[in-house]
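Fair warning: this is a prediction, and the values are worked out from it, not measured in the lab.
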Amino acid sequence: MGAKTMYLLSILASLAIPGVPILGNLHQLKDKKPFKAFYAWAQKYGPIYTIKLGASTMVVINSSEIAKEVSKSNPSFTHQCAFYSVKRR
């Protein structure tokens, strides 16, 4: 993935899920199964979006293919990431 692709990723990641001041999107993750919120957001906003958890901003990548490309092309980026996976049943 080249510089152009990383630039496009940054544009896509700027799609922020609407939240409230101070809390950001924390109140939307109150369910015991927060992956349901992530799935719903991916359906509405696409595979890459940004959420706010208090003062922290997180870029969410809901596509294993995109996550693999990012980790292959920019290894230093993966040191700042947390990867989670949910298997579909």
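Taken to the nearest 0.5 Å, the OH atom of Tyr49 stands 5.5 Å off from the CZ atom of Phe38. One finds the CD1 atom of Ile22 at 13.0 Å from the NE2 atom of His27 (value rounded to the nearest 0.5 Å). Taking CE from Met58 and CD1 from Ile51, the interatomic distance works out to 5.0 Å, rounded to the nearest 0.5 Å. To the nearest 0.5 Å, the span separating CD1 on Ile61 from CD on Glu69 amounts to 11.0 Å.
Here the side chains of Ile48 and Ile66 are in contact, with some heavy-atom distance below 4.5 Å. Put simply, the side chain of Leu53 reaches to within 4.5 Å of the side chain of Leu29, judged on heavy atoms. The closest side-chain heavy-atom distance from Tyr45 to Ile17 is below 4.5 Å. Between Trp41 and Asn62, every side-chain heavy-atom pair lies at or beyond the 4.5 Å cut-off.
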